[in-house]
Asks: 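Here it is, the structure, as structure tokens.
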Amino acid sequence: MFCFLFRGNNQMKMTQGRLFAGLILHTKKKKKSKTAAKTTIPTSSPTTKKGAKEEPQEVWKWWEEEKAEGGVKWTFLEHKGPVFAPKYEPLPDEIKFYYDGKVMRLSEETEEVATFYAKMLDHDYTTKEVFNNNFFKDWRKVMTPEEKKKIKDLKKCNFRDMCEYFKQESEKRKNRSKEEKLKLKEENAAKQEEYGFCIMDGHREKIGNFRIEPPSLFRGRGEHPKQGMLKRRVQPEDVIINCSKDSKIPEPLKGHKWKKVQHDNEVTWLASWTENIQGQIKYMMLNPSSRLKGEMDWKKYETARCLHKCVDKIRANYQEDWTSNEMRVRQRAVAMYLIDKLALRAGNEKEEGETADTVGCCSLRVEHISLHNEKDGKSNVVEFDFLGKDCIRYQNAVPVEEQVFKNLQMFMENKAPGDDLFDRLNTTILNKHLQELMEGLTAKVIRTYNASRTLQEQLDLMTNDDDAVPAKMLSYNRANWAVAILCNHQRAAPKNFSKQMENLMSKIKDKRGQVKEAKKQLKEAKAAFKSEKTQKNKMVYEKKKMAYKRLEEQLTKLEVQATNKEENKEIALGTSKLNYLDPRISVAWCKKWEVPIEKVYNKTQREKFRWAIDMATADFRF
DNA sequence: ATGCAAACTTAGGACCGACCAC
DNA sequence: GTGGTCGGTCCTAAGTTTGCAT
């Protein structure tokens, strides 16, 4: 039996009506009705300064209702369809394109595609040969025969004028008057209001992406063989609409038709179209704050929690398989170990030449690891160096159990660097096996499980009762950091990082000086008060004490900031926070240690994790 | 098994506007 | 006001998983 039960968890049932630092839940009554469990949560908080009062909203507590059966995702769905990219506006006449040094007037379509390139002129992409070749090839496809005849060499094309024009335009946009900005903002809000929401099962829910991707040049990551290709404009004729039969069907643009209108309530998407670069389907779906997404997120973490109950058995199981007579079983067992220990992704096969060359566990090649009997005083060290998702480099040297080491040696025997390490394994085989060990178990669940476990363990380990909130937050961020390291969530170091760091350090130096001075003054005031116990001396002493304390707090804050900054230079904490860490762990931590939830989650994150914020008590354990 | 389509999650970078120091 | 920084949002690419056809 699948161990996940939406209604069966005590931890979750005991939650309502509790007070929580910074967030008061005005729950009327425990309601378990199938209809509406609504309540008002004033989301304003002591930390929201500048009087940015947030409107108290009606909150639908979908997590207190019964979940629909089977594959049915909704019973009623109405929306207005996607918003299409605005149509192309030709450049003003004075903005010229030059070919081979001479002005050349381009047809509208040719000009449009040229502007895509011009807009990227200062980007690294346009220095890449693959990008340029792909662009030029696709650009020529939209040219008129005459243009095609003339424009034969990208190097002879001069887009500078166009590029400068766009820079000017963006500058203009920035310098618009207050009124203009406000007007634009309102127009945007109106569009969001009209197209950005749908009605699903009686509730107005926010859509995640209601705008269709505009035409552009494809920006693949890393050495993508298709970078620079033209991503064509999507028309209503490309779009499938998914909604209720009995809903008001969205209107296509005037003079256009939808590709199809369907009413499939076993999927979550509202509209879809096929993109022309990779032939993949793109979807318009709901925002993470929606019931549909929230329910699935909740379920994801419940599956991961299920794993905790059988993880020991599973680990013992794969360790035993390290010595199996069957090669495929050994490979499977070693792969499971790597996924478990290093939180590697499953690693599907990819079609060569269609995408960048990246790998995950099952698709590792011999060239991606090297074995060291001895390294840095440790034995049986495996050194990994490969490009993972989004071409993020994974570099790690880890000591492993001797049997794993021996197995890896064996898997590499008589193989070329470009050969698969696990030649008898793929993600389908692996996931099939995992499914047999626990219902709902896949490689991804193991990553989620270890990420969330790590957060909980690190929080247990690092949080000090007597710390003030900022120090507690440092502990939290470090726990979060440990997860980001585990999952290899990297980011490009912010530009000017070293300069910013220097500035911060000099600020700290100044502050240290101030603290020292304040301490000296405090000492003097104390001595003065001791020798002469006048009211005035007492006042001065108290004042100095306060000043000293304040400065010291400021110094600590700066130092914490510096530590955080340095540690997070190339580490992204957001990805794990949003996708891997059971929010109830964080909520429970906040409640237990009286840290306002706003310190951990910003407004958007609080909307996404509303279910967890409402549900988890201080004693929640993952 | 193997290939492929579909649907959904996960991911980093671009972009934008609020805020801050000068 | 100006210019820089920062956090948040937007954007869409790139993964995983499952189910179906061959």
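Chain A is the first sequence line, chain B the second, and so forth, proteins listed ahead of strands; every chain is numbered from 1. On a predicted model such as this, the values are computed, not experimentally measured, just so you know.
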Asks: With a 4.0 Å heavy-atom cut-off, tell me which residues in residues 227-241 of chain A come close to DNA chain C, sorted by residue number.
Replies: A:K231
Asks: Classify A:K174 by what it touches in the nucleic acid, base, sugar-phosphate, or nothing, heavy-atom distance under 4.0 Å.
Replies: nothing
Asks: For the base of B:dT9, is there a side-chain donor-acceptor partner from A:K444 under 3.5 Å away?
Replies: no
Asks: Considering just the side-chain nitrogens and oxygens of A:K282, establish if one lies under 4.0 Å of OP1 or OP2 belonging to C:dC11.
Replies: no
Asks: Please work out if A:T268 contacts a base, only the sugar-phosphate, or nothing of the nucleic acid, heavy-atom cut-off 4.0 Å.
Replies: sugar-phosphate
Asks: Look at all strands and tell whether A:Q490 reaches a base, only sugar-phosphate, or nothing, counting heavy atoms closer than 4.0 Å.
Replies: sugar-phosphate
Asks: Quick one: side chains of residues 186-196 of chain A, donor-acceptor pairs under 3.5 Å with protein atoms, not counting sequence neighbours, listed by atom name and distance.
Replies:
from: A:N188; atom 1: OD1; to: A:R211; atom 2: NH2; distance (Å): 3.0
from: A:E193; atom 1: OE2; to: A:R204; atom 2: NH2; distance (Å): 2.8
from: A:E194; atom 1: OE2; to: A:K80; atom 2: NZ; distance (Å): 2.9

Asks: Could you tell me whether A:R610 and A:E607 make a salt bridge, using a distance below 4.0 angstrom between a side-chain N and a carboxylate O?
Replies: no
Asks: Which of the following nucleotides, B:dC8, C:dT18, B:dA11, is nearest to the side chain of A:R345?
Replies: B:dA11
Asks: I want to check one thing: is the phosphate of C:dT17, taken as OP1 and OP2, less than 4.0 Å away from some side-chain N or O of A:T442?
Replies: yes
Asks: Scan A:K181 against the nucleic acid and name what it touches under 4.0 Å (heavy atoms): base, sugar-phosphate only, or nothing.
Replies: nothing
Asks: What does A:L578 touch in the nucleic acid at a heavy-atom separation under 4.0 angstrom: a base, only the sugar-phosphate, or nothing?
Replies: nothing
Asks: Hey, are the side chains of A:P583 and A:Y601 touching, using non-hydrogen atoms and a 4.5 Å cut-off?
Replies: yes
Asks: Please tabulate, one pair per line, each protein N/O and nucleotide N/O from nucleotides 20-22 of chain C that are separated by under 3.5 Å, including the distance.
Replies:
none

Asks: Look at all strands and tell whether A:T428 reaches a base, only sugar-phosphate, or nothing, counting heavy atoms closer than 4.0 Å.
Replies: nothing
Asks: Dump the pairs, protein N or O against N or O of nucleotides 7-10 of chain C, anything under 3.5 Å, distances to one decimal.
Replies:
from: C:dT9; atom 1: OP1; to: A:T604; atom 2: OG1; distance (Å): 2.6
from: C:dT9; atom 1: OP2; to: A:T604; atom 2: OG1; distance (Å): 2.1

Asks: Write out all pairs satisfying salt bridge (Lys or Arg N to Asp or Glu O under 4.0 Å) with one or both partners inside residues 350-364 of chain A, taking only residues at least two apart or from two chains.
Replies: A:K226-A:E354, A:D357-A:R365
Asks: For A:M285 and for A:R219, locate the closest nucleotide of DNA chain B by heavy-atom distance; then report the residue assigned to the nucleotide nearer the 5' terminus.
Replies: A:M285
Asks: Base, sugar-phosphate, or nothing for A:K185, non-hydrogen atoms under 4.0 angstrom?
Replies: sugar-phosphate
Asks: Taking side chain as C-beta onward, heavy atoms only, is A:R173 less than 4.5 Å from A:S170?
Replies: yes
Asks: Would A:R332 and A:E326 pass as an ion pair if we require N to O under 4.0 Å?
Replies: no
Asks: Considering heavy-atom distances to DNA chain B, does A:R447 or A:I281 have its closest nucleotide positioned more toward the 5' end?
Replies: A:I281
Asks: Please classify the nucleic acid contact of A:Q278 as base, sugar-phosphate, or nothing, using heavy-atom distances under 4.0 Å.
Replies: sugar-phosphate
Asks: Does a salt bridge link A:R478 with A:E567, judged by any charged N lying under 4.0 Å from a carboxylate O?
Replies: yes
Asks: How does DNA chain C look in dot-bracket form if you count Watson-Crick and G-U pairs under 3.5 Å, write [ ] for pairs that cross, and put | where a base pairs with another strand?
Replies: ||||||||||||||||||||||
Asks: Across the strands shown, which category fits A:G347 at heavy-atom distances under 4.0 angstrom: base, sugar-phosphate, nothing?
Replies: sugar-phosphate
Asks: NA contact type, A:P214, heavy-atom cut-off 4.0 Å: base, sugar-phosphate, or nothing?
Replies: sugar-phosphate
